[in-house]
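The block underneath contains the structure these notes are about, expressed in structure tokens.
In what follows, chains carry the letters A, B, and so on, assigned in the order in which the sequence lines appear, proteins first and then strands, with residues in each chain numbered from 1. Computation of the quantities below employed the complete heavy-atom set of this structure, encompassing side-chain atoms and omitting hydrogens, waters and symmetry-equivalent molecules.
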Amino acid sequence: MSKTPKTDGAGRREPPLDFIRTIVRDDLAGGKHPGGVVTRFPPEPNGFLHIGHAKSICLNFGVALEFGGRCNLRFDDTDPAKEDTLFVEAIQDNIRWLGFDWGEGLYNASDYFEELYRFAVQLIERGGAYVCSLSEAEIRETRGTVTESGRESPYRGRGVAENLDLFTRMRNGEFPDGAHVLRARIDMASPNMKMRDPVIYRIRHVAHHHTGDAWPIYPMYDFAHPLSDALEGVTHSLCTLEFENNREFYDWILEQVDVPSTPRQIEFARLNLDYTVMSKRLLLELVEEEHVAGWDDPRMPTLAGLRRRGYTPEAIRNFCHSVGIAKSDNTVEMGQLEYFIRDDLNRKAPRVLGVERPLKVVLTNYPEDSVEELEAPYYPHDVPKEGSRTVPFSREIYIERDDFLEEPPKGYHRLAPGREARLRHAYVIRCDEVVKDAATGEVKELRCSYDPRTRSGSGTSDKKVQGTIHWVSAAHALEAELRLYDRLFSVPDPHGNPERDYRELLNSKSLETVKGLVEPSLATVRPGERFQFERLGYFCADTDSTADALVFNRIVTLRDSWLKLVQRGDGDAPRRRRRPQVAPNSTAPAERKSPEHAELTPAQRGRMEHYGDRLGLATGDALLLASDDDLAEFFEEAIRVHDNPKAVANWVINELRAHLKDTPLDSLPLTATALAELVALIDGQTISGNAAKHVFAEMLKKGESPAGIVDQLGLRQVADATQLEPVVDAVIAANPDNVALYRQGKTNLLGFFVGQVMKSTHGKANPRLVNELLRARLD
RNA sequence: UGGGCGGUCGCCAAGUGGUAAGGCCCCGGAUUUUGGAUCCGGUAUACGAAGGUUCGAAUCCUUCCCGCCCAGCCA
């Protein structure tokens, strides 16, 4: 792969593919899936979808879309006790709303019950499964623990005929719940708990929302999922990290029975968001215990909640795209989600005027009965959209309480006694008088004067004021219920604290309902319509909203750099970002387990001493070689050919082992003699270490002698300055920008230049010489 | 203490031996009739740690540390 970033048509850099898309792309390029890529989104219909599911939906449908394949929606409905059609409808609705389409690909695992049953019979016939009559508790007790292996079930030895008979009778409903289960016969001693004869069918005399009373037995996820994938021709079965342990069984079952295709399971990290919870169980509890108003409560991270709150599908998709697909556990900040809804709505939402906490203002010099209709554009100049409405202006108006302060701090741009501010789309006013409640001292009203020359857009005054505030006309404003939402929990990780129940960590201020006032143009809004209430935030008319009783949800506030300034403390020097503390070295060298403590046979111990004392190898290296008999033999044979133990040991340890991984040494075409010859070539300056790696790679593949490969590939070292100089000059000439940077002091660019020279000589150049030459030219 | 995965900026995340991408956040500045938006600039001498190999290591080798997952007849 080339190092240069790919760009799209507009010259923007195309983001790199995530690891899953890379696999899909390579599989497709390799002709592995002539029928195209097939993915699936497999929700269990036992709850509502949340934003974590959105990540998976965007991945699965996105991959299908991008690579010209398809994505099925399959309900993983194998546990009738918890599932409900209510959820299947909500799930479909949510996915469509998010903007994805499964086309014809709507399936249920329960559609496959008959086929799944036949697979189970086949597995039994092949000896891969048995009916186990242990109780649930007994099965648990005999499964062992993560450190001890399990014990085999006494029923493990049942013959095929008996198993078949029992399984048939299970299917016929002859046994009560729990009497028997069907188990895969794998390995009770497997270090992977999932492989210790997992249960694959259980008896449940429960009606299924889809198949009714047709089945008294139901397959388990581990059995149904891979087989359903295979039946649908799924090529890439993408799931979350907690299923990594299940993959071994996934692959196992696909080998045991005759499946029409072989899907591959790939796991990625699920999405977590701070200040919320993302587990279905917890979400269900919040709903059932009525900590929230339902699955679509706008504080919930469910798609239904986000939708009702006013989030757009685009914002959620953009957010999912931005967090990427990887394998490390992560918790994304709420701020990142908020960024994407603001970003989307900034371009889409019309601006209107509304007041959350009204403060009355009387314009003392404005005529009593006069009303002006002021033209107010829906979008600011920087949003390329058209449209406007008129807003009525009159003698009595309401402004935001926060926009007046009797004793304004430094930097406050709004109204204060004697100060001026502009009313958005209207006039500049000055605060002349503050009317207070005699008893409480509370500010009841402001008496201000307006400057008639300053009407917006009139161009009759060049008066400049610092602040612009929003307002509504008292006589014309509409009352509206404003639901101001904040994060559901008061701590970033409510589920992560073992000391405290997450319920105690709910944010008591997650919903604040206020009676606000909005401009009259909003009289006819319909639920779902979104606006920016200028300077406050984005709002969405709630489903509860009617013409008589307007209700708006605050989707998200606007960014507020004034608030930020206030919060970090007025007058404070701007804070530099705090550098992370240097973590103390958690392991002092002395505490480390010394390599000598490892268990060695007497022969190995002797060998190790020999390597260390006589051959001069470092202790760790000596131990490593000595403790592996095959490697040691290989090493000793090599140093008989070329007597440089240290160099040979380095090659064996650092290079050979890197390629070896788990494959046995003798399966390679490489001989000890050949490796010794290679090291000799390096020691004799015939080839550079860099070129030696190319040679080594060839030796590993073909088993030829190093000298032959060197000649074939023409890899003899170039250590002659007159030959190298032109190359060096060419590299310097080709990279004027980097030369300039280097000369400005970015001297770590030397590595870049050396790399370029090495590359253009195919690794043949003597790197030390290249360094010298380069330095002479650049310095 | 078995096995399977992870660990690169405050939060995400590229990168697989040759210049530590990008986004969010943050910090400056320009602009602005939204303290919004936009624009421009800044922010990791360093990749969990320590050793080693190499001219050159986030990438290869060794040892260690930390986190997550697995003992449902849930998915």
Considering residues at least two apart in sequence or located in another chain, which fulfil the side-chain hydrogen bond (donor to acceptor under 3.5 Å, both in side chains) criterion with [X]?
X	answer
A/H180	A/S133
A/T468	none
A/E44	A/N46
A/N650	none

Nucleotide of B/C73, B/A13, B/C55 approaching A/N330 most closely (side-chain heavy atoms): B/A13
A/I325 or A/L624, whichever maps to the more 5' nucleotide of RNA chain B: A/I325
First of A/K55 and A/T78 reached from the 5' end of RNA chain B, by closest nucleotide: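 Checking each residue's closest nucleotide, the 5'-ward one belongs to A/K55.
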Per-nucleotide protein contact string for nucleotides 66-71 of chain B, where B marks a base within reach and S marks sugar-phosphate only (heavy atoms under 4.0 Å, - for neither): --SBBB
Where protein sits on nucleotides 30-35 of chain B, one letter per nucleotide: B base, S sugar-phosphate only, - none, heavy atoms under 4.0 Å: --SBBB
Who passes ring-ring contact (aromatic ring centres under 6.0 Å, His included) against [X], sequence neighbours left out?
X	result
A/F243	A/Y221
A/Y201	A/F167, A/F223
A/F319	none
A/F340	none

Those residues of residues 764-773 of chain A lying under 4.0 Å from RNA chain B by at least one heavy atom: A/P767, A/R768, A/N771
B/C26 OP1/OP2 closer than 4.0 Å to side-chain N/O of A/K564: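 Indeed, a polar side-chain atom of A/K564 lies that close.
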N or O in side chain of A/N735 less than 4.0 angstrom from B/U19 OP1/OP2: no
With a 3.5 Å cut-off and just heavy-atom distances, do the side chain of [X] and the base of [N] make a donor-acceptor pair?
X	N	answer
A/N690	B/G18	yes
A/K759	B/G18	no
A/E333	B/G10	yes
A/E148	B/G2	no

Lys/Arg N to Asp/Glu carboxylate O, A/R455 vs A/D451, below 4.0 Å: no
Pair partner, B/G6 [Watson-Crick or wobble, under 3.5 Å]: B/C66
Under 3.5 Å on both distances, the Watson-Crick or G-U partner of B/A14: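 Because no pair has both required distances under 3.5 Å, B/A14 counts as unpaired.
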B/A58 and B/U53, which share atom name P, separated by this distance in whole Å: 16 Å
Side-chain donor/acceptor pairs under 3.5 Å, residues 324-331 of chain A, sequence neighbours excluded:
| residue | atom | partner | partner atom | Å |
| --- | --- | --- | --- | --- |
| A/K327 | NZ | A/E244 | OE2 | 3.1 |
| A/N330 | ND2 | A/R270 | O | 3.3 |
| A/N330 | ND2 | A/S328 | O | 3.2 |

Atom-pair distance (CD1 on A/I341; P on B/C24), nearest Å: 16 Å
Syn-anti status, with the boundary at 90° from 0, for the nucleotide B/G72: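 Nucleotide B/G72 adopts syn.
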